[in-house]
Number of protein chains: 2
Amino acid sequence: MPRPSLKDQRSEQILDAYLTCVSRFGLEGATQEHVATEAGVKRPILRHYLGNKDQMTGALISHVVDRFARATTALQDALEPTGTPADLIDLLFDKSVPNDPRVMLAYQSLVTSVANHPSMRQPLVNSLEQFFEVIEAVLKRAFPNAPADQIRAVSQGISATYVNLDSLTPLNPPEVWRAELKQAATILAASLEATA
Amino acid sequence: MPRPSLKDQRSEQILDAYLTCVSRFGLEGATQEHVATEAGVKRPILRHYLGNKDQMTGALISHVVDRFARATTALQDALEPTGTPADLIDLLFDKSVPNDPRVMLAYQSLVTSVANHPSMRQPLVNSLEQFFEVIEAVLKRAFPNAPADQIRAVSQGISATYVNLDSLTPLNPPEVWRAELKQAATILAASLEATA
DNA sequence: AAGTATATTGTCAATAATGACAATTAATAA
DNA sequence: TTATTAATTGTCATTATTGACAATATACTT
């Protein structure tokens with residue numbers, strides 16, 4: 001008999017707006033007013049669904065980590081069990097894939113603020129390691145004879161080129177940068193052929 | 001006859017504290033109170049030397065861009081006229097070199113906030129291009145026959161691995177990550193040998 | 001010692017951001 | 001239609017942040 005609850009949808013809507021604001025203003029620069037405006041609701045709504053600012057922030061951190069982890073899982077699912085390094089790089093760098101740079105930008109903002117919120121350090125590290133592992137798995141399958149440390153290095157390099165690209169999106173980087181970073185990732189992957 | 005001016009020293013001291021705060025709280029999260037505390041001065045001092053918040057922020061942006069550009073120039077000076085790619089990578093990745101990750105973190109925070117301060121976009125892009133060019137110059141000297149687009153790609157890749165390393169410092173990344181990213185950069189540079 | 005320009009601090013008003021809660025509106029079932 | 005529960009909005013007190021300026025302290029010169 002009660003009015004149907006919108007808690008899930010509204011929470012998601014608010015957290016997504018919050019994520020957008022964090023990607024633009026940083027974690028400590030995203031005010032409730034910013035979030036409310038971005039979400040198209042009045043400020044008290046935020047409190048109603050997510051509690052006070054501390055609780056909101058806690059929820060946001062989980063949300064960002066979760067979004068990043070989900071993107072990692074989606075990447076993994078798209079590549080298992082037979083994806084090649086070329087497939088991986090296409091997924092990471094092709095604009096056709098609907099990538100959401102906000103997530104990576106918000107992620108970066110969290111990393112920046114980790115000293116002020118020490119408890120989020122471990123989740124951030126873990127989700128990043130998870131991302132590395134997906135890359136590693138693809139490389140290991142393609143180059144089973146390559147030494148482990150070299151695979152790790154190439155994985156880190158590919159990850160770095162990808163993260164870097166997303167980090168630069170606010171600058172409206174010229175399209176060539178994307179192509180160049182993609183080529184760098186390709187070169188890294190190709191380096192494993194020699195050792196196989 | 002007047003009391004000697006401390007404008008230069010104090011301005012530098014304040015801007016450096018401001019830079020620290022931006023690297024920790026982001027551009028929109030660094031309050032005057034934060035900066036004053038970090039600099040070890042009272043808040044009105046900030047206004048006295050740098051004006052109101054807008055002017056302070058303007059000065060900070062110039063300061064960060066300048067610090068980054070100076071670091072680039074220092075890198076260039078250390079490598080001209082005979083530095084090799086191996087020298088470059090040592091300078092970028094060796095902990096012995098007194099690198100200041102705050103500069104890169106603050107730089108990243110500026111990039112994040114560029115939508116809110118559009119005028120800083122071009123200086124940021126320019127200083128980044130300058131950084132690329134130093135890397136390119138070293139590679140071009142070592143591999144004069146390598147195709148230009150490949151040099152660009154490798155430069156972007158090396159830059160990305162370096163930027164990525166600094167971006168992760170708040171996470172206290174394990175030392176292996178540094179070694180792995182350095183190795184990735186080395187692999188990228190080595191890839192140019194094949195084409196020469 | 002006195003004058004002078006600057007450094008430094010103290011203080012208060014104005015604005016922004018947050019916390020908290022009351023009041024109203026809306027949707028559903030009986 | 002009415003009861004019920006949640007959504008949504010309005011509002012005010014508290015705190016945080018900034019702007020502005022007066023007042024004092026300090027170092028140097030003559």
Side-chain angles (χ1 to χ4, degrees), chain A residues 1-61 63 106 109-110 112-113 115-117, chain B residues 1-61 63 106 109-110 112-113 115-117:
Chain A
M1 68 259 271
R3 181 173 177 173
S5 174
L6 298 181
K7 196 165 171 76
D8 288 350
Q9 315 158 40
R10 279 277 178 274
S11 297
E12 186 65 23
Q13 171 188 7
I14 294 167
L15 285 174
D16 204 56
Y18 196 177
L19 185 152
T20 298
C21 291
V22 168
S23 77
R24 273 214 280 268
F25 301 100
L27 183 60
E28 351 278 327
T31 68
Q32 292 186 3
E33 215 60 60
H34 282 148
V35 176
T37 301
E38 178 69 30
V41 301
K42 304 292 183 182
R43 187 172 66 85
I45 288 286
L46 308 184
R47 180 181 185 76
H48 180 67
Y49 287 106
L50 296 180
N52 65 20
K53 178 137 180 125
D54 278 353
Q55 299 168 307
M56 265 187 74
T57 300
L60 173 91
I61 292 170
H63 186 243
S109 289
L110 296 192
T112 294
S113 297
N116 315 314
H117 303 264
Chain B
M1 66 263 268
R3 181 175 178 173
S5 175
L6 297 181
K7 195 164 171 78
D8 289 350
Q9 316 159 40
R10 280 276 179 275
S11 297
E12 186 66 23
Q13 172 187 6
I14 293 167
L15 285 174
D16 203 57
Y18 196 177
L19 185 152
T20 299
C21 290
V22 168
S23 76
R24 273 214 281 269
F25 301 100
L27 183 60
E28 354 276 327
T31 68
Q32 291 187 3
E33 214 61 59
H34 283 148
V35 175
T37 300
E38 179 69 29
V41 300
K42 304 290 184 182
R43 186 173 67 86
I45 289 287
L46 309 184
R47 181 181 183 76
H48 180 66
Y49 287 106
L50 297 180
N52 65 20
K53 177 132 184 136
D54 278 354
Q55 298 168 308
M56 267 187 72
T57 301
L60 172 90
I61 292 170
H63 187 244
S109 289
L110 295 193
T112 295
S113 297
N116 315 312
H117 303 264

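To find a chain, count down the sequence lines: A is the first, B the second, and so on, and within it residues start at 1.
Separating the CG atom of A:Leu50 from the P atom of D:dA6 is a distance of 17 Å, rounded to the nearest angstrom. Rounded to whole angstrom, the span from the CD atom of A:Gln55 across to the C1' atom of C:dT18 amounts to 13 Å. Rounded to a whole Å, the CZ atom of B:Arg10 is 12 Å from the P atom of D:dA27. Following rounding to the nearest Å, B:Gln9 (CD) and C:dT6 (P) show an atom-to-atom distance of 15 Å. Atom NE2 in A:His48 sits roughly 14 Å away from atom C1' in C:dA22 (whole-Å rounding).
As judged by a 4.0 angstrom heavy-atom cut-off over every strand, A:Ile45 is placed among the base-contacting residues.
Between A:Tyr49 and D:dT8, a side-chain N or O to OP1/OP2 separation shorter than 4.0 Å is present. Phosphate proximity of D:dA7 to A:Ser5: present, with a side-chain N or O under 4.0 Å from OP1 or OP2.
Judged by distance alone, with hydrogens and angles left aside, the side-chain atoms of B:Ser23 form a donor-acceptor pair with the main-chain N or O of B:Thr20 at under 3.5 Å. In terms of modelled atom types and a separation under 3.5 Å, the side chain of A:Ser109 and the main chain of A:Val22 share a donor-acceptor contact. Here the side chain of B:Glu12 pairs no donor or acceptor atom with the backbone of B:Gln9 at under 3.5 angstrom.
Put simply, CG on A:Leu50 and CD on A:Gln32 are 10.0 Å apart, with the number rounded to the nearest 0.5 Å.
We find that B:Glu28 and A:Arg24 are not joined by a salt bridge, their nearest charged nitrogen and carboxylate oxygen being 4.0 Å or further apart.
Each ring pair (Phe, Tyr, Trp, His ring centres under 6.0 Å) pair with one or both residues in residues 11-52 of chain A, not counting sequence neighbours, appears once here: A:Phe25-A:His34.
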Just by protein heavy atoms under 4.0 Å, how would nucleotides 15-26 of chain D read 5' to 3' in B, S and -? --SBBB----BB
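Side-chain proximity of A:Lys42 to C:dA27, D:dA7, D:dG10: nearest is D:dG10.
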